[in-house]
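Given the structure is predicted, the values throughout are model-derived calculations rather than measurements. Quick note on labels: first sequence line is chain A, next is B, and so on, each numbered from 1.
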Amino acid sequence: MNFIVEAAVKAVKELYHTDITAADVNLQQTRKEFEGQVTIVTFPFVKFSRKGPEQTGQEIGAFIQNEVDVVSGFNVIKGFLNIVITDAFWIGQLYNEIASTDFGVFAPNGQKVMVEYSSPNTNKPLHLGHIRNNLLGYSVAEILKANGYDVIKANLVNDRGIHICKSMLAWQLFGNGETPESSGLKGDHLVGKYYVVFDKEYKKQIEELKTAGQTEDEAKKNAPLIIEAQQMLEKWEAGDAEVISLWETMNSWVYAGFDQTYKQLGVDFDQYYYESKTYLLGKDIIDEGLQKGVFYKKEDGSVWIDLTADGLDEKLVLRANGTSVYITQDVGTAQLKYDQYNADKSIYVVGNEQDYHFKVLFLILQKLGKSWANGLYHLSYGMVDLPSGKMKSREGTVVDADDLMAEMEQTAKTQTEELGKTADFSEEEKNKLYHTIGMGALKYFLLKVEPKKRLLFDPGESIDFQGHTGPFIQYTHARIKSILKRAGFELGKPATVTELDTMERDLILALNQFPETINQAARDYSPAVVANYVYELAKTYNKFYQEKPILKDEVPEDVKQFRLTLSATSAKVISKSMKLLGIDVPERM
RNA sequence: GCACUCGUAGCUCAAUUGGAUAGAGCGUCUGACUACGGAUCAGAAGGUUAGGGGUUCGACUCCCUUCGAGUGCACCA
């Protein structure tokens, strides 16, 4: 629609002798209840025209109609100039742009972006909150790719630390040599089980010490288990062969489990980072910062940065004994990433409880004068809540990722069997379909909500398959495919129709929004933008489908071909959109 | 206490980034040629956009304030 904007700029220049830029023209889709397809808001121009908004609209409208030959008319309602564009234009748009294979795919823009997501702890299995993280990260990566970025998906695995040692210790003490093979438990679940065991035994010891007269705080510090775990961590850091060996074994179990979960989820990574390898990074940068005067040293030798001028606090970046803290390591890892990839942007998909941390991290890197610091972005997302409140792993109120995915597939199976449309499917085809639909429902449910908003999940009532859902969109796609198959239709024939019905035009308009939607989703780092778009599109198609015959005998051949083209392009755009969300669409369901 | 985020129909979410009469789904009620696939479509009911001020041609959107919810405020990660 750039030509409309350009015409508007020209109109203001010639009519009112004022230079404005394209950004000053507020262009939007015309509301359904008015005639026309695009609307210019004319209020901002009245100060140039020195006339009322209606008259200004009339003048600009007349100018544009005269200037642009595909504009066939206009109307003005208050400060809104509604522009009517010819059907010939829209038909051309459908056949020349929308139907082309690279519609919605932008040429490489020469920029590189890293998206870090997932970043699990290796002491417990993934839960619903991790699913949201993974789906967001994967989808944002796909959206950026579609916008022409060269994307690197990274996973920073938290594979060390006291929490890992807790699982290890509990397994050592209470595990009796249990392995995934011996118990049939998925590796990450097995390790998670011992994390819970640790917590239970630890609490017991705390109670014992309390009855022996210690305060809560003392008991927490003095419980033998926690002391042992700390000793284990020290041994790990010292490279103790036995501890390292145990650590490697248990982590390998977890990774096997994660791989399986990731595969089910359909996410993947180009680059893994492990905190066991990065946790010592960053110290040299702290030195660098000390020299530059960005940091300062306190009497005890600890190193700090003063961010009070930026509305934040003072922050420790290195302990008095010279060891790192969390943020030290993140400073170092950020540098490592940059040295390795030279990315223009780096996205961190991390929950909103770390908003402050990333604010501080980015500010530190800016103050250190890192040229790439401006390209850092924290994609912060809200917690997933249950009706009972927050998920807590130790209280057993978490919704386990593997369980949930299995339940979704089961629901898909039940629903599909009830409808009885897959009688001729092979067992393998059926299973694949249940997976596609179950995951479609789950993924859509999580991605349709704006990332930063918290999300409510009720395990009691299963995720819907009707209405504003993934299966609804998948169904629309399958139905189109069915009709195309029946007609033996292939894209490629030229248009022979010259006029559009309202519903046909609305559908082309909706399809035409796709590239802009992809842009906006990337600008906002928001898969929800795509999710809501594709739902609107599916609804628009369904309405068209319901009211306009396509293959019926009474439909003239050229109209039939045209409606088939509309259907085929709708299926393609639906499929492409869903792919950006990491959701597959079936041919039949 | 301080900081950040959020608050839209009974419930779950939208609203073209400051634009027209705030839109969908679920749920409730009513319909759709004797199905080009009914996991669909049409219609009805449902709102003081948490409350109150302000900014302007125009505010769900920006500012102030009150209330409510969440998160953070470790020499843990």
Could you write nucleotides 33-42 of chain B as a row of B, S and -, 5' to 3', where a protein heavy atom under 4.0 Å of any base atom gives B, of only sugar-phosphate atoms gives S, and otherwise -?
---BBSBBSS

Cation-aromatic face contact [X]/[Y], 6.0 Å, 45 degrees:
{"X": "Lys298(A)", "Y": "Trp304(A)", "result": "yes"}
{"X": "Arg479(A)", "Y": "Tyr545(A)", "result": "yes"}
{"X": "Arg160(A)", "Y": "Tyr279(A)", "result": "yes"}

Base, sugar-phosphate or nothing for [X]? Non-hydrogen atoms, less than 4.0 Å.
{"X": "Glu450(A)", "value": "sugar-phosphate"}
{"X": "Pro586(A)", "value": "nothing"}
{"X": "Asn82(A)", "value": "base"}
{"X": "Glu353(A)", "value": "sugar-phosphate"}

Considering Watson-Crick and G-U wobble pairs with both distances under 3.5 Å, what does C26(B) pair with?
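C26(B) is paired with G10(B).
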
G-U wobble or Watson-Crick pairing nucleotide for A3(B) (cut-off 3.5 Å, both distances):
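Per the H-bond distance test, U71(B).
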
Rounded [atom1] spacing from [N] to [M] in Å:
{"N": "G58(B)", "M": "A20(B)", "atom1": "C1'", "answer": "10 Å"}
{"N": "C64(B)", "M": "U5(B)", "atom1": "P", "answer": "11 Å"}
{"N": "A15(B)", "M": "A22(B)", "atom1": "C1'", "answer": "7 Å"}
{"N": "G51(B)", "M": "A59(B)", "atom1": "P", "answer": "15 Å"}
{"N": "C57(B)", "M": "A39(B)", "atom1": "C1'", "answer": "47 Å"}
{"N": "G38(B)", "M": "U61(B)", "atom1": "P", "answer": "42 Å"}
{"N": "U17(B)", "M": "C62(B)", "atom1": "C1'", "answer": "12 Å"}
{"N": "C29(B)", "M": "U71(B)", "atom1": "P", "answer": "38 Å"}

Length of the line joining [X]:[atom1] and [N]:[atom2], which is rounded to integer Å:
{"X": "Asn512(A)", "N": "U16(B)", "atom1": "CG", "atom2": "C1'", "answer": "14 Å"}
{"X": "Lys448(A)", "N": "C26(B)", "atom1": "NZ", "atom2": "P", "answer": "10 Å"}
{"X": "Leu455(A)", "N": "A69(B)", "atom1": "CG", "atom2": "C1'", "answer": "16 Å"}
{"X": "Leu456(A)", "N": "A69(B)", "atom1": "CG", "atom2": "C1'", "answer": "13 Å"}
{"X": "Ile518(A)", "N": "U16(B)", "atom1": "CD1", "atom2": "P", "answer": "19 Å"}
{"X": "Asn532(A)", "N": "C13(B)", "atom1": "CG", "atom2": "P", "answer": "12 Å"}
{"X": "Asn75(A)", "N": "A20(B)", "atom1": "CG", "atom2": "P", "answer": "16 Å"}
{"X": "Glu33(A)", "N": "A20(B)", "atom1": "CD", "atom2": "P", "answer": "9 Å"}

Decide, yes or no, whether a salt bridge links Asp584(A) with Lys432(A) under the criterion of side-chain N to carboxylate O below 4.0 Å.
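Salt bridge between Asp584(A) and Lys432(A), a charged N being under 4.0 Å from a carboxylate O: no.
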
Note: Lys337(A)-Glu116(A) ion pair, threshold 4.0 Å (strictly below)
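The answer is yes: the pair qualifies as a salt bridge.
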
Less than 4.5 Å apart, side chain to side chain, heavy atoms only: is that true for Lys452(A) and Tyr381(A)?
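No, too far: nothing below the 4.5 Å cut-off.
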
Donor + acceptor pair across side chains of Asn123(A), Ser167(A) (<3.5 Å):
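Short answer, no.
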
So, Tyr16(A) versus Glu59(A): side-chain donor-acceptor pair below 3.5 Å or not?
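Yes - a donor-acceptor pair under 3.5 Å links their side chains.
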
Between the main-chain N or O of [Y] and the side-chain N or O of [X], is there a donor-acceptor pair closer than 3.5 Å?
{"X": "Thr517(A)", "Y": "Gln513(A)", "value": "yes"}
{"X": "Ser482(A)", "Y": "Ala478(A)", "value": "no"}
{"X": "Asp159(A)", "Y": "Glu275(A)", "value": "yes"}
{"X": "Thr476(A)", "Y": "Phe472(A)", "value": "yes"}
{"X": "Asp300(A)", "Y": "Ser302(A)", "value": "yes"}

Quick check for you: among G23(B), U17(B), G19(B), whose closest atom lies nearest to any side-chain atom of Arg31(A)?
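Within the option list, the nearest is G23(B).
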
Under 5.5 Å between ring centres and under 30° between planes: does that hold for Phe34(A) against the base of A20(B)?
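Base of A20(B): stacked against Phe34(A).
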
Less than 5.5 Å between centroids and less than 30° between ring planes, does Phe43(A) satisfy that with G19(B)?
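Stack criterion met.
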
Quick one: on RNA chain B, does Lys315(A) or Leu27(A) contact a more 5' nucleotide (nearest heavy atom)?
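Checking each residue's closest nucleotide, the 5'-ward one belongs to Leu27(A).
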
Can you pull every protein N or O that's under 3.5 Å from an N or O on nucleotides 75-77 of chain B?
| residue | atom | partner | partner atom | Å |
| --- | --- | --- | --- | --- |
| C75(B) | O3' | Arg319(A) | NE | 3.3 |
| C75(B) | N4 | Asp300(A) | OD2 | 2.8 |
| C76(B) | OP2 | Arg319(A) | NE | 2.4 |
| C76(B) | OP2 | Arg319(A) | NH2 | 2.2 |
| C76(B) | O5' | Arg319(A) | NH2 | 3.0 |
| A77(B) | OP2 | Tyr326(A) | N | 3.0 |
| A77(B) | O3' | Glu275(A) | OE1 | 2.8 |
| A77(B) | O2' | Asn158(A) | ND2 | 2.6 |

Any N/O pairs under 3.5 Å between the protein and nucleotides 1-10 of chain B? List them or say none.
| residue | atom | partner | partner atom | Å |
| --- | --- | --- | --- | --- |
| C6(B) | OP1 | Lys452(A) | NZ | 2.4 |

Which way is the base of U21(B) turned, syn or anti, if we draw the line at 90° from 0?
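Judged by the O4'-C1' to base torsion, U21(B) sits in anti, the angle falling more than 90° away from 0.
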
Can you classify the ring geometry of Tyr274(A) versus Tyr272(A) as parallel (below 30°), tilted (30 to 60°) or perpendicular (above 60°)?
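It falls in the parallel class, under 30°.
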
